[in-house]
Amino acid sequence: MTPEMQVVIDELHGRIAEEQKLRETLSREEFSAGRSERLLAIGEEAGRFLNLLVKSAGATRLLEVGTSVGYSTLWLADAARSNGGHVVTMDNNPAKHAQARDYLARAGLAGVVTLVTGDAVQAIGDQVGPFDFVLLDCDKDAYLPAFEAFHPKLAPGGIIVADNMTYPVSEHAPLYQQRVRETAGMESTFLPIGNGLEFSRRAS
C-alpha cells in the first residue's frame, strides 16, 4: 500500500467508525432510512482479504457491482495495479460516485478504475468482459439479476465474492447463495469474514 492510499484508507476508517457508532444509537429502520448517505463499507478485514485474493489469483479484469464511496474499490484497485489490471465499478448513486472518484484520485488509483454511474444490471449488459473477478455488493434485491447479467461474462476460473451474506439480514442473501450453488460449472462456499462472504468460482 502506498502512503497516498494509506492516508485515504485511514480517513475512511474514521468515517466507518463514526457510522458504526451511529448504527448503535439508531433502530434498524432509522439507520436504513439514511441508507443513501451511508458508507456501507465492507470493512478492513474483508478489504484486505479481497486485496490479497485478487493479487494471489492474478486477476486483471475486475468488476465491482456497488461502489458506494469507493472503500472496497480502493482495495481492488490497489490489487489490480499490482497485477497490471483494471477495475470497472458501477453504482446508481452519483453523489457517492463523486466521493469515490475523489478518494481514488487522492490515492493515486484513478488510472486503473472506470466508474460507471447507472443501473447495475443494464450497465453490466454494456460491458464486454470477460471478467476474472467480480465483487457483488449492491442492493441485495439486485444480486440475482446482477448475477444473471455477469455470469455469462465470467472467465473460466473467474471468482465472484458476494458481501453481506449474514448482515444485514436479508431474504435475498440465501436466494443468491442457492442460485449460485445450483448453477452448472460453479463452485461456492461461505466465508465468515466481515459481514459474511459467499466465495464462488467458475470451474468451467
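Since we're looking at a predicted model, the values are computed, not measured.
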Stepwise, does the side-chain contact (heavy atoms from CB on, under 4.5 Å) test hold for L104 with L74?
-> CA-CA 7 Å; L104 288 163; L74 289 161; 3.8 Å; yes
Start with the C-alpha distance between L175 and R179, add both sets of side-chain angles, then the distance that settles side-chain contact (heavy atoms from CB on, under 4.5 Å), and finish with yes or no.
-> CA-CA 6 Å; L175 293 175; R179 178 69 182 93; over 6 Å; no
Evaluate the side-chain contact (heavy atoms from CB on, under 4.5 Å) criterion for residues E4 and V8: first the C-alpha distance (whole Å), next the side-chain angles of each, then the deciding distance (0.1 Å), finally the verdict.
-> CA-CA 7 Å; E4 293 81 7; V8 175; over 6 Å; no
After noting the C-alpha distance and the side-chain angles of H151 and R202, does the key distance pass the side-chain contact (heavy atoms from CB on, under 4.5 Å) rule?
-> CA-CA 9 Å; H151 175 253; R202 185 171 190 171; 4.2 Å; yes
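M1 and V7 are assigned to two separate hydrophobic clusters, defined by single-linkage of ILVMFWY side chains at heavy-atom distances under 4.5 Å. Both L53 and L191 are assigned to one and the same hydrophobic cluster, defined by single-linkage of ILVMFWY side chains at heavy-atom distances under 4.5 Å.
T166 pairs by the side-chain contact (heavy atoms from CB on, under 4.5 Å) definition with F190, not counting sequence neighbours. Applying the side-chain hydrogen bond (donor to acceptor under 3.5 Å, both in side chains) criterion to D132, with sequence neighbours excluded, gives T60, R61. Take F133 and apply the ring pair (Phe, Tyr, Trp, His ring centres under 6.0 Å) test, not counting sequence neighbours, and it matches no residue. By the ring pair (Phe, Tyr, Trp, His ring centres under 6.0 Å) test, F131 pairs with no residue at all, sequence neighbours left out. Every residue was checked against the side-chain hydrogen bond (donor to acceptor under 3.5 Å, both in side chains) condition with Q122, not counting sequence neighbours, and none meets it.
Pairing each heavy atom of S72 with each of I42, the nearest pair is CB-CD1, 3.6 Å. Scanning all heavy atoms of the two residues, the minimum distance from A146 to V65 falls at CB-CG1, 4.4 Å. A100 approaches L115 most closely through the heavy-atom pair CB-CD2, 3.9 Å. Minimum heavy-atom separation, T2 to A107: OG1-O, 4.1 Å.
T67 pairs in a side chain to side chain donor-acceptor pair (under 3.5 Å) with only one of the listed residues (N93, T89, T73), which is T89.
Taking CD1 of I124 as the start and CD of E148 as the end, the distance is 11.0 Å to the nearest 0.5 Å. One finds the CG atom of D163 at 10.5 Å from the CD1 atom of I193 (value rounded to the nearest 0.5 Å). The CD atom of Q99 lies 5.5 Å from the OH atom of Y103; values are rounded to the nearest 0.5 Å. Interatomic distance, D102 CG to H97 NE2, rounded to the nearest 0.5 Å: 13.5 Å. Here the CE atom belonging to M90 is positioned 5.0 Å from the CG atom belonging to L63, to the nearest 0.5 angstrom. M5 CE to D10 CG: the interatomic distance, rounded to the nearest 0.5 Å, is 10.0 Å.
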For residues 75-84, please give each side-chain donor-acceptor pair under 3.5 Å, one per line with the distance, not counting sequence neighbours.
from: W75; atom 1: NE1; to: Y71; atom 2: OH; distance (Å): 3.2
from: D78; atom 1: OD2; to: N51; atom 2: ND2; distance (Å): 3.0
from: D78; atom 1: OD2; to: K55; atom 2: NZ; distance (Å): 3.4
from: R81; atom 1: NH1; to: G108; atom 2: O; distance (Å): 3.2
from: S82; atom 1: OG; to: D78; atom 2: O; distance (Å): 3.2
from: N83; atom 1: ND2; to: V54; atom 2: O; distance (Å): 2.9
from: N83; atom 1: ND2; to: A59; atom 2: O; distance (Å): 2.8

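Here the side chain of K140 pairs a donor or acceptor atom with the backbone of C138 at under 3.5 angstrom. Without hydrogens or angle criteria, D91 side chain to S68 main chain gives a donor-acceptor distance under 3.5 Å.
F150 and F147 have perpendicular rings, their planes meeting at more than 60° on a 0 to 90° scale where under 30° would count as parallel.
Between E44 and R48 there is a salt bridge, with a side-chain nitrogen of the basic residue lying less than 4.0 Å from a carboxylate oxygen of the acidic one.
When only modelled atom types and interatomic distance are considered, E198 and S188 share a side-chain donor-acceptor pair under 3.5 Å.
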